[in-house]
Each structure stands twice: as C-alpha cells, then as structure tokens.
Amino acid sequence: MQRSTLIGLKVGLLALLLFIGMLGMSTNSPATEWLKEAFLGISFAFAFGLGAPEALAYILATIVFIAVFCVGYFVGKKASGKFDS
C-alpha cells in the first residue's frame, strides 16, 4: 500500500471522528453515544428541515458520513502524495 493511501485513510478517519465529535459534544450524553446522536441529529435535520421521509433521511445521513470520510481521504491523499517515491 502506498504511503499516500495510508495517510489518506488516517486523515479520512480523523475527519469523520472530528465531525462526530463536533455534533456529539452538543448533547448531554456520554462519548460512547456520540455516533448515534450525530447520526440521528443529521437524519432529524433532513426529516424535519427538508420534510424528507424517514427512510430517505437515514439514507441521506449515511451519505453525509460517507462524504465527510471521502473528503478527508482525498485531502490527506493529495497532501501526502508528494512524499511517495
């Protein structure tokens, strides 16, 4: 595995954890519940704010989490690409 790919995966995971932390800290729940709180908060925003059906809101929340990881991955891969030989 190339070094830039590994660094991209680490940056993507870090971006996802920071995103979950930012959303989870706003609730009065333990850190073990932050993932659930972040996911349900985003799905609630889609369902209540946009009027999306419940199933679609969950799918859109999943897409948001995947997009945050992918953006972090590509940023990390591009930033560390110059270190590969």
Open item on the list: Between Val71 and Phe19, is there a side-chain heavy-atom distance shorter than 4.5 Å?
Closed with: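 The answer is no; the side chains never approach within 4.5 Å.
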Task: Spatial distance of atom CZ (Phe69) from atom CG (Leu16) [nearest 0.5 Å] - done: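 It comes to 7.5 Å.
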Task: From NZ (Lys36) to CD1 (Ile20), nearest 0.5 Å - done: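 Separation between the atoms: 14.0 Å.
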Listed pairs under 3.5 Å, donor-acceptor, residues 37-61 side chains, sequence neighbours left out:
unit_1: Ser43; atom_1: OG; unit_2: Phe39; atom_2: O; d: 3.1
unit_1: Ser43; atom_1: OG; unit_2: Leu40; atom_2: O; d: 3.0

Open item on the list: Before you tell me yes or no, could you show the steps for Tyr73 and Thr5 under side-chain contact (heavy atoms from CB on, under 4.5 Å), namely the whole-Å CA-CA distance, both residues' side-chain angles and the distance that decides it to 0.1 Å?
Closed with: CA-CA 8 Å; Tyr73 170 77; Thr5 303; 3.7 Å; yes
Open item on the list: Assigning hydrophobic clusters by single linkage (Ile, Leu, Val, Met, Phe, Trp, Tyr; side-chain heavy-atom cutoff under 4.5 Å), is Ile7 placed with Leu13?
Closed with: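 No, Ile7 does not connect to Leu13 through the hydrophobic network.
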Open item on the list: When you group the ILVMFWY residues by side-chain heavy-atom contacts below 4.5 Å and let the links chain together, are Met25 and Leu35 in the same group?
Closed with: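 Leu35 and Met25: one cluster.
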